[in-house]
Structures are given as C-alpha cells and as structure tokens.
2 protein chains.
Amino acid sequence: MANKTHNTEEKILEAAKTVFHRKGFEGARMQEIADEAGINKALLHYYFRTKENLFDAVFKAAFREIFTKLFMTIDADVPLEKKLKNLISEYIGFFQKNSYIPGFILTEMNQNPEKIISVFKSAPVSPSMVFERMKEFMYDEKLEKTDVRELFINILALCIFPVVARPMLQNIFDFSDEQYDQFIEKRKKTIPQLIMNTIRKK
Amino acid sequence: MANKTHNTEEKILEAAKTVFHRKGFEGARMQEIADEAGINKALLHYYFRTKENLFDAVFKAAFREIFTKLFMTIDADVPLEKKLKNLISEYIGFFQKNSYIPGFILTEMNQNPEKIISVFKSAPVSPSMVFERMKEFMYDEKLEKTDVRELFINILALCIFPVVARPMLQNIFDFSDEQYDQFIEKRKKTIPQLIMNTIRKK
DNA sequence: ACATGGTTTAACCAGATAGTTAAACTAAAT
DNA sequence: ATTTAGTTTAACTATCTGGTTAAACCATGT
C-alpha cells in the first residue's frame, strides 16, 4: 500500500500552519484547515484527534525551527565578527522566508506563556550553554565587556522586530513590498556594524 | 440623574482591555468581560452593541496611546542626545506600565492588517512629518548621515521587543520578575548609548 | 479474491456563544 | 408622584463548531 500517510500529514501541517498563523488558535476553524489542505474534516480528525494536538504539532515545529537555527549559528566555530555577520544575515534571510514564525510565537506567548516553557524543556539546545559560549568568545577576542544577554536580546530585537511589525511599519513608511524587502536586505549589513560598534574595544 | 454612564463605560473598557489582551478577539468571551467589569452581559450589549464595536474601541485607544506618546516625544524641542534619552527612558517606562499594548497591537496586526491602516488614518500625528523633523535635527547637530527610518525602527525594536517577548526571554534567561524588571531598567541607559554610537560623527 | 489502510460523504450531537427580549428594580431629576 | 436612564435577571434563539460515527469507496499489496 502506498505511503500516502506521510504526504497527507505533511499537507495538513502545512495548512494548519497557514491557518493558525492567519487566525490564531481560537480563530482557526478545523473546516478551514481541512479546506486549505484539500481534504475533509473527518480525515483531519483521523490524523490529529483534536485541535490542540494539531496546534501543538505546528507550534513545536515552528519553535524548534527558529531556535535550533539561532543557537546552532551562535555555536559555530568561526571568528566572532564573521560569525555575527553570518548569524544576522542568515537569520534575517530565514525570517524573510518564514515571516509567519515570529509573529506566531509572540502571539501565542501572550496567550499561553505556560506552553512556551513546556516547549523549551524539550528544546535540543540549552540557552545557558550558548550564553557561556558567547562569553568565552568575547573574552578570547578581547572585546568590550558586555552583558551577553543584552547583546543577545539586541540582536534578536533588531532582526525580528522589523519582520513582526512589518504591516505597521510598511504603512508608516509608505513602502511598497519591494521597498520594504530592500530595506530589510540593507539591514543585513547595518545591524552587524551597529552591534560591532557596541562590543569593539575603543 | 447621576452620570454613571462615564464610570461604567470606563469600567467596561478597562475590563475589555484586560480580557482581549489575555485571550485575543476570538478567545475573549462577552460574559468574561462582563464579569471582569462587575456588570452583566445585557448591560455590556447595551453600551457597545456588538463585540466588534467594543474591540474597536479598545484597539483604537491602545493604538492612539502608544503612537501619540511616541510622536509627541520625538517632536519635543530639546537637544538631540537629551531627547533620545528622554524618549527611550519614557517609552520603556510607559511599556513597563502598559506591557499589554505592544503585544496586543502586534497580535492584531497579524490577524487584521487592514485594521491598522484604517486606524492610522485617524491618527493625530503624521509619521512623515515626524521623520522630516528627525532629519532636520540630525542635520543641525552635524550627525552621521543615517536613514532616519532605520534609526526609528532600531529604537522601537530595542525598546519594544524585550517587553513583547518577555515571557520567552525571562524563561531563557531564567530571571525572576524582579530580575527582568531590573534588566529592562538598565536598558534605559544602555540603549541611548548604543544609538548615539551609531549616529555620532567619528 | 481478499484484506487493509487511507479517504470521502453526510449526517449527527452536544456544548458554547453572541445577541435579543421582556419584565422588574433603583435612584436621581422633574 | 412620575419620569427616566441605568441596571439586573433570566430565559430564549440562532448559529457555529469541535468532535463522532457509520457506511461506502478505492487503490494497493498479498
């Protein structure tokens, strides 16, 4: 028998991703997800018994995606300045392609903070180890003593905020889609400069 | 006859604010809002006929609050560095007290981008004029030529992100409530430094 | 030929929820 | 004393929605 399972499950997750992102958990309708996946409601429940199950699967996937990527790049073994450039440029690029993820996570965070914590516990990389590694790096390269947490949060903020707040900012700036993409593209260069300014010994 | 109207309407808006923030539009229940306001459902509908009406009122208020504050401070007539310090410190302070606002707006932005635009049109300050003013300021003080939009977005990102992403970050950092508050407090000083670094002529 | 697992169809149920309505109560305003 | 705006109570409706079920279909592997 053909293994349609894999394919369909994939299709469902993809559809759920879209709809949950568009409407949030409460706003999303199982029927809408089924339609989006090109299947029917009964089959949807056949695969993921409940709405919660389905949501959890989607949420955890998004969460893993965003954090493994981040922590992996921080952990890579290249000189700091180079690493910073890579990190920021890759991360922004990732968000350009998966712009739904940060907003999705932030939204859910507002409504179910507990869920975040539970998902964190199952994460493949430990944040505290990443911070330790960042610290060592900065010590080795004789950089300005900075709170690594503050560094971490600054990078994240500068990369993620423009993506999350895009609908608003694009309107404030009166930018077309292309203009805004270009604007973000430019930031792949300016953000590393800005960050290096703050940690380079004067 | 006593003017209870004002008081009750106020109470309802306050309650709606809380519940919409906690649950989002779809997740919020009229009954819950009524309970939170200490009144009954019938009266709720008596004041704001529909759920949409109520939500709109709350949303617009939040939106106005955050943007008038921002644009007013930018527009104030003090030296740039001082203004920057004021702006950031006041703005962060404002978020500490109204931490629900940014998340609320971001969430809604994901789900109804159109609404943002319509609310913007009714805004009391025009963004483009604010940018012009920022430009003049920077020219007068002979600062590094920088894209004012980028400057604007950076400030916003650094101030808002730590508030919006708090549940997640606090968990990553393993901070208590006090520790996190203190962490944000510290940023009232470090962010202006960081920003000045990027615009001060070398 | 038959069994199997994925799939569809279509009907159904139970619970929740937005919104309505009508009747009665309260306290201030006239 | 009467009116009136604000408020409560409680019941009701219409609709939506998550979830279930049963029966049939279909393609494949055996």
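Protein chains get the first letters and strands the later ones, always in sequence-line order, with residue 1 at the start of each. Because only heavy atoms are used, hydrogens play no part in the values below, and waters and symmetry mates are left out as well, while side chains stay in.
Figure legend: B:Lys69 and B:Tyr91 shown without cation-pi pairing, the cationic atom not lying both under 6.0 angstrom from the six-membered ring centre and within 45 degrees of its axis. Within the cation-pi definition used here (under 6.0 Å to the ring centroid, within 45° of the axis), A:Lys51 qualifies as a partner of A:Phe25.
Salt-bridge check for A:Asp35 with A:Lys41: failed, with every basic side-chain N at 4.0 Å or more from each acidic carboxylate O.
Proximity of B:Thr8 to the phosphate of D:dG6: no side-chain N or O atom is located under 4.0 Å from OP1 or OP2. Taking side-chain N and O atoms only, A:Arg29 has a distance below 4.0 Å to OP1 or OP2 of D:dG18. For B:Tyr47, no side-chain nitrogen or oxygen approaches OP1 or OP2 of D:dG6 to under 4.0 Å.
Atom C1' of nucleotide D:dG6 and atom CG of B:Leu44 are separated by 14 Å, given to the nearest angstrom. Across the protein-nucleic acid pair, B:Leu54 atom CG and C:dA18 atom P stand 11 Å apart, rounded to whole Å. Following rounding to the nearest Å, A:His45 (NE2) and C:dT8 (P) show an atom-to-atom distance of 15 Å. Going from atom NZ of A:Lys23 over to atom C1' of D:dT17 covers 14 Å, rounded to whole Å. In this structure, B:Phe48 places its CZ atom 12 Å from P of D:dT7, rounding to the nearest Å. Between the P atom of D:dT8 and the CD atom of B:Gln31 lies a distance of 12 Å, rounded to the nearest Å. C:dA18 atom P lies 8 Å from atom CD1 of B:Ile33, rounded to whole Å. If you measure from atom CG of A:Asn7 to atom P of D:dA27, you get 16 Å, rounded to the nearest angstrom.
Inter-residue side-chain proximity for A:Leu169 and A:Phe161 is flagged as met; some heavy-atom pair is nearer than 4.5 Å.
Here A:Phe131 contributes atom CZ and A:Ser126 contributes atom OG; the two are 9.0 Å apart, rounded to the nearest 0.5 Å.
Here D:dT7 is the nucleotide among D:dT8, D:dT7, D:dG19 with the atom lying nearest to any side-chain atom of B:Tyr46.
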Each nucleotide N or O in nucleotides 9-15 of chain D that has a protein N or O under 3.5 Å away: list the pair and distance.
none

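The only option from A:Lys11, A:Arg22, A:Lys23 that meets the salt bridge (charged side-chain N to carboxylate O under 4.0 Å, His left out) definition with A:Glu36 turns out to be A:Arg22.
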B:Arg166 and B:Asp181: CA distance, side-chain angles, deciding distance, salt bridge (charged side-chain N to carboxylate O under 4.0 Å, His left out) verdict: CA-CA 10 Å; B:Arg166 174 166 188 158; B:Asp181 281 335; 3.0 Å; yes
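Among the atoms of the strands shown, none is found under 4.0 Å from any heavy atom of B:Ala34.
When each of A:Phe25 and B:Ile39 is assigned the nucleotide of DNA chain D with its nearest heavy atom, B:Ile39 is the one assigned upstream, toward the 5' end.
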